[in-house]
Amino acid sequence: MHWITILGIILIAAGTILACFGQNIIKRFDNKHLLRSVSEKTFRIDELVSGNNELFARINEYQKRLLEKDEIIHGLEVQVGESNPSVKKHPADKQIKAGTQTIPKKPLSDEILQAKRLYNEGKYDEAYGIAEEQRQKNPDFGLAYFILGTIEMQRKHYDKGEESLNRAVQCGLPDEDMAWAFHNLGYSSLRKQDFEQAREFLGKAIELNPDMEKSRKALKLVNDHLHKKQATAQVKSYFKEGRYDDAYRIAEDLRQKNPEFGLAYSILGTIELYREHYDKGEEMLKKAIQFGLPDEDKAWAFHNLGVSSLRKKDYDKAREFLEKAVGLSPNMEESQKTLDSIDDLQNKEKQGNGEDGSKRKKEKLKK
């Protein structure tokens, strides 16, 4: 009975061991299957993520292209001057001042945009050729004349440039281009010293485009020049009328506002000489010559310096100043007469000195 018990225990133990071993095998099989399933799902997830990344990349690229197109369109709108108009638009079928007409509301041709782009790149010959071709196709196309006129001004063909720009204004332009057309016309008028016309053109440019800083600076220079010209004419008029105090006051105001304005110093110096303030007068006249004067005014400055030197009996210096006056203005009769009289003055002075010397000798002998 004892061995039967032992055998039963052994069988039970063996069964238990086999059962445990079997369960381990089953668990390992299940684990391998689970791992394989997880790997497959992870791979699929990676594929989905990769696909999404490609999709996002394509979306970003597409958005980037859209932004580039928007920037190009905005740049063209700015160049053509179609955005933010600063003046009231008139109907296309109505005329405005000086026969100028507005441009029909239609897209600009690619050719004229190309001509503008070439001009901005400094390729003037190519831009000119395209604009000339457009002008021949459409003789009333203002932008073609505008580009032609601007290039002619760049080439310093001012008369031809003015003609094309005036034609552009007459045919009509977008506000931005119209402003630059008036600016260039103002610049051309400045070259001709037609300051009133320049002021009118520059004022129109600023009216069309208040941000035209170059036009503002040029207009300020024109206004300053016209103010100085008007004030100078008034000073000269007062001086001729003998109103020296009024003339002096205006000239001094000009000098303070324009410390290198030669004409102001010339007038001040001349008045100081009339007041017999010779040293101060000479100082002012020399500054006037130093800062620059028109030839006629410079001739009178040298004349007055010559007369002042004669008062000091500095004949050599007087002769030098008077000769410069005559050299600048041969019609300076006063300077020529004074110059001719210098020799007589010197001879009389020598004779006078000789007579004074002989008198002194006689007086000594008597003593």
Side-chain angles (χ1 to χ4, degrees), residues 70-108 112-113 115-122 124 127 131 140-154 158 161-230 257-258:
D70 288 341
E71 290 177 358
I72 293 172
I73 292 171
H74 178 69
L76 292 176
E77 287 178 348
V78 171
Q79 287 182 4
V80 178
E82 293 177 344
S83 60
N84 297 327
S86 57
V87 296
K88 184 179 178 181
K89 294 288 185 180
H90 296 271
D93 59 345
K94 291 184 179 180
Q95 291 185 339
I96 59 176
K97 292 181 180 179
T100 304
Q101 294 182 351
T102 57
I103 296 177
K105 293 183 179 179
K106 61 181 181 181
L108 295 174
I112 209 67
L113 292 176
K116 279 192 158 194
R117 185 168 58 253
L118 289 169
Y119 175 84
N120 291 331
E121 294 173 0
Y124 303 128
D140 293 326
F141 191 16
L143 273 171
Y145 288 100
F146 170 69
I147 294 172
L148 293 173
T150 304
I151 295 174
E152 292 291 1
M153 298 287 269
Q154 189 77 23
Y158 298 109
E162 277 190 23
E163 182 181 353
S164 293
L165 288 173
N166 280 318
R167 178 64 176 159
V169 171
Q170 181 182 4
C171 291
L173 293 167
D175 289 342
E176 184 179 357
D177 295 309
M178 184 76 81
W180 279 109
F182 281 129
H183 174 87
N184 291 334
L185 286 169
Y187 173 77
S188 185
S189 297
L190 277 178
R191 288 191 66 262
K192 297 177 179 179
Q193 296 188 0
D194 189 347
F195 298 101
E196 294 291 348
Q197 186 69 67
R199 179 162 63 178
E200 180 181 349
F201 283 136
L202 293 169
K204 288 181 178 179
I206 296 169
E207 182 181 351
L208 284 166
N209 184 0
D211 295 329
M212 293 284 287
E213 288 300 322
K214 289 185 177 180
S215 298
R216 287 188 181 279
K217 290 178 180 178
L219 183 60
K220 184 180 184 305
L221 291 174
V222 170
N223 286 332
D224 289 345
H225 174 81
L226 291 174
H227 172 71
K228 286 193 292 186
K229 184 178 179 181
Q230 182 181 3
K257 290 180 180 178
N258 307 275

S.K.: CD of E176 to CH2 of W180: how many Å apart, nearest 0.5 Å?
M.R.: 8.5 Å

S.K.: Show the nearest heavy-atom pair for residues L173 and M178, with the distance to one decimal.
M.R.: N-CE, 3.6 Å

S.K.: Are any of the side-chain heavy atoms of M212 and N209 separated by less than 4.5 Å?
M.R.: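 A side-chain contact exists here, since the closest heavy-atom pair is under 4.5 Å.
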
S.K.: Tell me whether Q230 at atom CD has more than 12 heavy atoms from other residues, nucleotides or ligands lying less than 6.0 Å away.
M.R.: no

S.K.: Does any non-hydrogen side-chain atom of F201 lie less than 4.5 Å from one of S189?
M.R.: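 Yes, their side chains come closer than 4.5 Å.
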
S.K.: What heavy-atom pair brings A115 and A131 nearest, and what distance separates the two atoms?
M.R.: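 A115 and A131 have their closest heavy atoms at CB-N, 4.5 Å.
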
S.K.: Salt bridge or not for K228 and D224, using N-O below 4.0 Å?
M.R.: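 No salt bridge links K228 with D224.
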
S.K.: Can you spot which of K204, E162, M153, E200 makes a side chain to side chain contact (heavy atoms under 4.5 Å, CB included) with L185?
M.R.: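 It is E162, the one option of K204, E162, M153, E200 that forms the side chain to side chain contact (heavy atoms under 4.5 Å, CB included) with L185.
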
S.K.: When you compare the side chains of E152 and S164, does any donor N or O come within less than 3.5 Å of an acceptor on the partner?
M.R.: no

S.K.: Measure the shortest side-chain to side-chain distance between Q197 and L190 over non-hydrogen atoms and say whether it is less than 4.5 angstrom.
M.R.: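 Answer no - side chains too far apart.
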
S.K.: For S215 and A205, work out which heavy atoms get closest and say how close.
M.R.: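 Looking at all heavy atoms of both residues, the closest pair is OG-CB, 3.7 Å.
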
S.K.: Any chance you could measure D194, atom CG, to R199, atom CZ, to the nearest 0.5 Å?
M.R.: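 Going from CG on D194 over to CZ on R199, the span is 11.0 Å.
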
S.K.: How long is the gap from NZ on K217 to CG on L202, to the nearest 0.5 Å?
M.R.: 13.5 Å

S.K.: Output the distance between atom CD (Q154) and atom CD1 (I151), rounded to the nearest 0.5 Å.
M.R.: 8.5 Å

S.K.: Roughly how far, to the nearest 0.5 Å, is NZ of K214 from CD1 of I206?
M.R.: 14.0 Å

S.K.: Main chain of D211, side chain of R216: is a donor-acceptor contact present, judged purely on distance under 3.5 Å?
M.R.: no

S.K.: For E196 and V222: C-alpha separation, side-chain torsions, deciding distance, then whether side chain to side chain contact (heavy atoms under 4.5 Å, CB included) applies.
M.R.: CA-CA 8 Å; E196 294 291 348; V222 170; over 6 Å; no

S.K.: Which distance, rounded to the nearest 0.5 Å, do you find between the OH of Y124 and the CG of L118?
M.R.: 11.5 Å

S.K.: Quick one: does any side-chain atom of S188 pair with a main-chain N or O of N184 as donor and acceptor, under 3.5 Å?
M.R.: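 Flag not set: sc S188 to bb N184 has no pair under 3.5 Å.
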
S.K.: Please indicate whether Y119 has more than 12 foreign heavy atoms, meaning atoms of other residues, nucleotides or ligands, lying under 6.0 Å from its OH.
M.R.: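 Correct, the count exceeds 12.
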
S.K.: Are any non-hydrogen side-chain atoms of L143 and K116 less than 4.5 angstrom apart?
M.R.: yes

S.K.: How far apart are the C-alpha atoms of Y145 and V169, what are their side-chain angles, what is the distance that settles it, and do they pass the side chain to side chain contact (heavy atoms under 4.5 Å, CB included) test?
M.R.: CA-CA 9 Å; Y145 288 100; V169 171; over 6 Å; no

